[in-house]
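One structure is given here, and the rest of the page talks about it.
Residue numbers start at 1 and run along the sequence shown.
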Amino acid sequence: MPNAAHKAWIEGRSFVALTRAGFLGPEPPQKLLAMLRAMRDYGSFGAASRVAAIRHGDQIAIADEFGEITFAELDELSNRIAAALRARGLRPGSKVGILCRNHRFPLAVAFAASRAGISAVWLNTAFSPRQAKEVAEREGVQLLVHDAEFEAAVNGIELKHGRLVCGEGESDVESIEEAASGEGTGPPPVPEKPGRIVLLTSGTTGTPKGAPRPEPKSLSLPASLLDRMPMRSREATVIGPPIFHGTGLLISLVSIALGSKLILRRRFDAAGLLDDIEHHGATAACLVPIMLQRLLAQGEAEIARRNLDSLRVIVCAGAQLPGEVATQAMDRFGDVVFNLYGSTEVSIATLATPADLRAAPSTVGKPTFGARVRVLGDAGDQVAAGEVGRIYVGTGMPFEGYTGGGGKDIVDGLLATGDLGHFDREGRLYIDGRDDDMIVSGGENLFPGEVEEILITHPALVDVAVIGVEDEEFGQRLRAFVVLAEGQSATEREVKDFVKANLAAFKVPRDIIFLDELPRNPTGKILKRELSRL
């Protein structure tokens, strides 16, 4: 475990990184006292919009379908929503659910809830009515704030304090705008403790689980990003993934803390995101790998017709970034790609800089400061560089267990990520696959991820996935699912020969299945359980 001296070093380095980025800065005594008071009363999350309003009040905070809103207006909106939640009967310890696409209201509701001592549960916008009902009941949601388009998905959920709806649509439910229309509403009474954030796991292998996040006791989390990524104060950030996804929410919060404009669209659109970068002069874009692939699929001419010179950061996370895609993106946009590795449970583990990706395109980089990352063998011992083992991570925001009970394997204070990987001799981490993805075929250990990395480099293929399936002769074998790029063609034999030319013969998939597209969840992760049914 980190000792006191190491913790002091982390805090000192955090202060330097945050000051350099403009996250922290010199303020008049009156402003400083107001910021400290907000942090004391409402915690780092609940106070986020308040602190930003004190420092950057008249700057644009969010640009979305509703227009633009300043930091001062966002803070006022958060206070009015907090009052509306209390008027509906919610009190400290209650839970509000959020089922919204990307716009100002889910963020304002989450800020409001936290400063009122109410926990916010972020639901997945792809939920079926059954999933929405099951998760809301399991998580103890008492009031649900949702977009009008999800009326049918939530109509059957019994909620103690009802629902509030965002945006226009066919609904007789009171709108969040109406509920929060009070004038001159100040901040809510200070709760005994701020409300928590409850994010859900991705749910690629089953029903998503609630993973509550503790109140951060350090600024090392944003600092570990800003130490390596050149995001700076009062710029602009475009968010591609849903903000109910950990990466989308984290980068949104970092942008708000920097006093930067946050550009949000309800749905990801590759051409629209490029337009947003140019129109707003965005310096940072947050994406998941499939979104980056779709940006590249726009083509060189379409990308080149826009002025994207402002862009300094493309932070990519949420799924494995193929090395070929990282290289192509940097060749097209410049050395601006940063590959982030972590999970809902472990928070941030490693970050690959453009220099890392140029040297080793498939790496997820080196551990961020404040994170301990180990690759352990079956006996719990640390394996040598180059050897594959299970990845364990320890951070300053420890996982507290799932809402419905259960947790992850813990060794020496480190939490299992569920991934297999290895370090190289330079200390860079690589993900070799999920520990439940590895298959044994004819006595050989096979990792689907290794084959996927090769397949995605085939010039005719734009998307790939490899899974293990049962085999009477060898026990298991590999099956590949591939998507052809527009205007391209390839045969099963050609794809197999391509793998054979780059990997050992026993790693060639027995089957090659051509699909129009791969099934993915809203955060871009491939739903391999659906592929296994094909």
Atom [atom1] in [X], atom [atom2] in [Y]: separation rounded to 0.5 Å?
X    : Y    : atom1 : atom2 : answer
E11  : L18  : CD    : CG    : 9.5 Å
D227 : M229 : CG    : CE    : 10.5 Å
L503 : L455 : CG    : CG    : 8.5 Å
S49  : H56  : OG    : NE2   : 12.5 Å
R265 : I239 : CZ    : CD1   : 13.5 Å
F481 : L531 : CZ    : CG    : 5.0 Å

Keeping [X] on the side-chain end and [Y] on the backbone end, is there a donor-acceptor pair under 3.5 Å?
X    : Y    : result
K528 : V466 : yes
Q382 : V375 : no
T327 : E324 : no
E68  : A61  : no
N102 : I243 : yes
E530 : P519 : no
T457 : I454 : yes

Could you tell me whether [X] and [Y] make a salt bridge, using a distance below 4.0 angstrom between a side-chain N and a carboxylate O?
X    : Y    : answer
R294 : D463 : no
R306 : D276 : no
R425 : E387 : no

Within the 4.5 Å heavy-atom criterion, are [X] and [Y] side-chain neighbours or not?
X    : Y    : answer
P289 : L292 : no
W122 : L99  : no
L199 : L249 : yes
V373 : L429 : yes
L225 : L250 : yes
D516 : V483 : no
I290 : F268 : no
D424 : T363 : no

Whether the [X] and [Y] side chains hold a donor-acceptor pair (N or O, under 3.5 Å, no angle test) is what I'd like checked.
X    : Y    : value
D147 : H103 : yes
S260 : S255 : no
D356 : T353 : yes

So salt bridge (Lys or Arg N to Asp or Glu O under 4.0 Å) across residues 495-505, not counting sequence neighbours, yields E492-K496, R493-D497
For E149, what residues pass the side chain to side chain donor-acceptor pair (under 3.5 Å) criterion, not counting sequence neighbours?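 Applying side chain to side chain donor-acceptor pair (under 3.5 Å) to E149 gives R101, R266, R267.
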Pick out which of F71, F105, F45 makes a ring pair (Phe, Tyr, Trp, His ring centres under 6.0 Å) with F111. F45
